[in-house]
Number of protein chains: 2
Amino acid sequence: MPGPIQSLSRAAAIMRLLAGGERRLGLSEVATALDLAKGTAHGILRTLQQEGFVEQDPESGKYQLGAELLRLGQSYLDVHELRARALVWADDLARAAGETVYLGVLHQQGVLIVHHVFRPDDTRQVLEVGSMQPLHSTALGKVLVSYDPVARGELGAGPYEPYTLRTLTEAAEVDAECALIRERGWADSVEETWEGVASIGALIQDRRRNPVGAVCISGPVERVCEDGFVKPSLVASVRSAARAISRDLGAGRF
Amino acid sequence: MPGPIQSLSRAAAIMRLLAGGERRLGLSEVATALDLAKGTAHGILRTLQQEGFVEQDPESGKYQLGAELLRLGQSYLDVHELRARALVWADDLARAAGETVYLGVLHQQGVLIVHHVFRPDDTRQVLEVGSMQPLHSTALGKVLVSYDPVARGELGAGPYEPYTLRTLTEAAEVDAECALIRERGWADSVEETWEGVASIGALIQDRRRNPVGAVCISGPVERVCEDGFVKPSLVASVRSAARAISRDLGAGRF
DNA sequence: GACAGGCGGTCGACATTGTCGACCGCAGTG
DNA sequence: CACTGCGGTCGACAATGTCGACCGCCTGTC
C-alpha cells in the first residue's frame, strides 16, 4: 500500500493550516481552504479535538491547535540525540563567545531551531526553540545548504525573499557562497536576515560524516564583526564547538 | 457521524506511544503494542513520516517523533491567549518574588506548563515548557482541582502516587485540602512532589469567571517558607499576579 | 557458511470505514 | 421577520484503510 493514508494527510494539512493562520479558524473556513466537504472536515476536527491536537473555543466554535502538540513537541526534544549531546557544548560556546547560540536542523524548507542558549549577560530574550529560520540568508541555513544535498534541493531555484539589502536572492549567488563555505569550512551571515545582526555557523556531522545539523552564534554586528569581517576568534570558537559535538555523536557508536 | 476517525485515533496512539518510550521503537514493536496488523501500522507510520510527525532512523529503521511536532507545538504557544497576556505579569512576579514562575493549564490528567520564567538571579535551569506536573501534589494542580470540576474529574478516586512523605495520596485528603484552598483563595505545596521544593499557586479566570489556568512561584523551601508556613508576602504577590492576569483576560472583551 | 529467526516492508482481496452533499437548528443582521 | 451564514448531523455509497500472508534482507548462531 505505497500510498499515504488520506484522512491522515488531511488531518496534517488542517493542523498546518491552523498553525499558519494567526487567528482561530471556523469549520467552514477550514473546509473551503482545503477543498473538503464540511462533514469531512468536521469529522477530522472532532477526532483531532478528542485527541487533544486541536481545541475549540466554546464561545465562537472556532478551532485552534491543542495542548497535546506542545507536550509531544517537548517529547521530541527529549529524544533528540543531537540536541542531547550538544547541550553542554552549546553552553560552553555561549559562555566563551559571550553571544547567543543556536542549534538547528533541516526541516522542510527551513532550519528548525532545536536548542537556544541565551547570551550570558543579557536578560529579556525570547526562546526560539521550535521556530524556523530561512535557508538562504542565515548562517545555519547556508551551512546546511552547503553540505546537505537535501537542503540544497529544498532551497529550490529562487529567487529568494529579500529580508534586507544584503540578502542573497539569486540561486547563483547562494551557490557561489556555498562553494566558499565548503572551502573554508564555516558560514557567516552579516545583516542578511535581520538588520544589525550577524552570525557565524559551522556544520555538525554524525559518525558516518553525514550532515545532521549546525551550530551558530548570533549577536549585534558591532560585537561579532571587526573591520567589516566577522572576528576570527569567534569563528574558531564556533568551529571547535561544531567539531566537539560531531566527535561526541561519533563516539556514541564506538 | 459521531464516531472518531479510526485511522486518526490510531495515529495519535502511535505518536503518544513514541512519546512515552524513551528510546526509538521498531515497526513490529509499535504494531504489537497497539494490537495492529504490521501492514496497518506501517501505513500509518509512513504517512506520519511523510508529514514530518515521525522520523525514521535510516540505520536501524526504528521510529521516533518528528520535527513538525516541535514546530506545531511552538505555534500552539504563539496563539495561546492566556500565555500571551500572562507573559509580562509572570515576568514581574518572578522579579518581585525572586523565584521561578510557572504558568499551567489543565491537560488530560495533569498540568501542562505553558510558560516558565527562570529565577532572576540563578543560572543553569532547564526550561520546562511543554512538560507535565501531577494534579494532586503541586500548587498548580491543586488550584485547578479546587476550581475546575473537569480537573477534579480527571484526578479520579485515587489512591495517588506518593512522590514524597508529604504527598496526599487519598481522595478525601485532597478534597479536604481543596475546600481549604477555595476558602482562602490560594494553594501551596511544600515538599509534596519534590524534596526541598515549595510552591504557591493561584487561579486564573477568564472573562466569564471560568477557570482557565493557574500561576505559581516555586523555590527552595528555605526561601519560600518561614516558621513552617509559606511566607504571606509571597502569597500576596502570587494572588495579585493571578488577579492581574484574570483582569487582563476579561479586559479583552470589553 | 548455511540456516533460522527476526526485522522492515509489500501486496491484493475484502468489507469496513471515511466521505460526500443535503439537511437541521440557531444566531446575528438587515 | 425573513435571510444568510454558522457549526453540526445524517444516511447512502463506494472509495478507502485494513488485514494476514508473503518477500528480501540482515544478524546472530551453531
Side-chain angles (χ1 to χ4, degrees), chain A residues 1-18 21 23-66 79 207-208 210 252-254, chain B residues 1-18 21 23-66 79 207-208 210 252-254:
Chain A
M1 192 199 331
I5 292 181
Q6 191 188 44
S7 55
L8 263 181
S9 299
R10 287 173 167 178
I14 287 180
M15 286 194 282
R16 268 193 288 270
L17 181 70
L18 290 175
R23 63 183 219 295
R24 293 187 259 257
L25 261 40
L27 171 63
S28 307
E29 289 177 284
V30 171
T32 58
L34 297 175
D35 207 26
L36 295 175
K38 244 188 337 180
T40 305
H42 178 62
I44 296 173
L45 280 168
R46 177 158 31 75
T47 308
L48 286 174
Q49 180 183 9
Q50 180 164 317
E51 301 289 346
F53 292 97
V54 151
E55 290 170 3
Q56 186 176 24
D57 181 14
E59 196 161 336
S60 63
K62 291 185 186 293
Y63 295 92
Q64 65 173 75
L65 292 181
V79 184
R207 61 185 79 96
R208 295 207 312 271
N210 291 321
R253 232 328 168 58
F254 307 114
Chain B
M1 191 203 334
I5 290 180
Q6 192 188 43
S7 56
L8 262 181
S9 299
R10 287 172 166 180
I14 287 180
M15 286 194 279
R16 267 193 290 271
L17 181 69
L18 289 175
R23 61 185 221 294
R24 293 187 258 258
L25 261 41
L27 170 61
S28 307
E29 289 177 286
V30 171
T32 58
L34 298 175
D35 207 27
L36 296 175
K38 243 187 343 178
T40 305
H42 178 63
I44 295 173
L45 280 168
R46 178 158 30 75
T47 309
L48 286 175
Q49 179 184 9
Q50 181 163 315
E51 301 290 348
F53 291 98
V54 151
E55 289 170 3
Q56 186 175 24
D57 181 14
E59 195 161 336
S60 63
K62 293 185 186 293
Y63 295 93
Q64 64 174 77
L65 292 181
V79 184
R207 63 185 79 94
R208 294 206 312 271
N210 292 322
R253 228 341 171 43
F254 306 115

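What you see below is based on every heavy atom in this structure, not just the backbone, and it leaves out hydrogens, waters and symmetry mates. Chain letters run A, B, ... following the sequence lines, proteins first, then strands; residues in each count from 1. Treat the numbers as computed from the prediction; the structure is a model and nothing was measured.
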Report task. Would you mind reporting whether B/Leu65 and A/Val79 have side-chain heavy atoms less than 4.5 Å apart? Result ->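 When only atoms from C-beta onward are counted, B/Leu65 and A/Val79 do not touch, as no gap falls below 4.5 Å.
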Query raised in the report: How would you label the contact of B/Glu29 with the nucleic acid (heavy atoms, under 4.0 Å): base, sugar-phosphate, or nothing?
Result: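 Contact class for B/Glu29: none.
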Query raised in the report: Which part of the nucleic acid, if any, lies within reach of B/Lys38 when heavy atoms closer than 4.0 Å are counted: base, sugar-phosphate only, or nothing?
Result: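 Base contact.
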Distance test, side-chain N/O of [X] to OP1/OP2 of [N], below 4.0 Å:
X       : N      : value
B/Gln56 : C/dG8  : no
B/Thr40 : D/dG17 : no
A/Tyr63 : D/dG8  : yes
A/Arg10 : C/dG18 : no

Euclidean distance, atom [atom1] of residue [X] to atom [atom2] of [N] [Å, nearest integer]:
X       : N     : atom1 : atom2 : result
B/Asp57 : C/dG8 : CG    : P     : 12 Å
B/Gln64 : C/dG8 : CD    : P     : 15 Å
B/Leu25 : C/dG6 : CG    : C1'   : 16 Å
A/Arg46 : D/dG8 : CZ    : P     : 9 Å

Side chain of [X] - closest among [options]:
X       : options              : value
B/Ile5  : C/dG18, D/dG8, D/dT9 : C/dG18
A/His42 : C/dC20, D/dG7, D/dT9 : D/dT9
B/Leu27 : C/dG21, C/dG9, D/dG8 : C/dG9

Report summary line: Here the gap from B/Tyr63 atom OH to B/Gln49 atom CD, rounded to the nearest 0.5 Å, amounts to 6.0 Å
Requested in this report: May I have the step-by-step check of side chain to side chain contact (heavy atoms under 4.5 Å, CB included) for B/Leu8 and A/Glu51, ending in yes or no?
Outcome: CA-CA 9 Å; B/Leu8 262 181; A/Glu51 301 289 346; over 6 Å; no
Requested in this report: Taking A/Thr47 for its side chain and B/Ile5 for its backbone only, find out whether a donor-acceptor pair lies under 3.5 Å.
Outcome: yes
Query raised in the report: Can any side-chain N or O of B/Glu55 pair as donor or acceptor with the backbone N or O of B/Gly66 at less than 3.5 Å?
Result: no
Query raised in the report: 5'-most contact on DNA chain D: B/Ala37 or A/Gly26, nearest heavy atom basis?
Result: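 Of the two residues, A/Gly26 wins.
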Report task. Identify, between A/Ser7 and A/Lys62, the residue whose nearest nucleotide on DNA chain D lies closer to the 5' end. Result -> A/Lys62
Query raised in the report: Of B/Gln6 and B/Ser28, whose closest DNA chain C nucleotide lies nearer the 5' terminus?
Result: B/Ser28
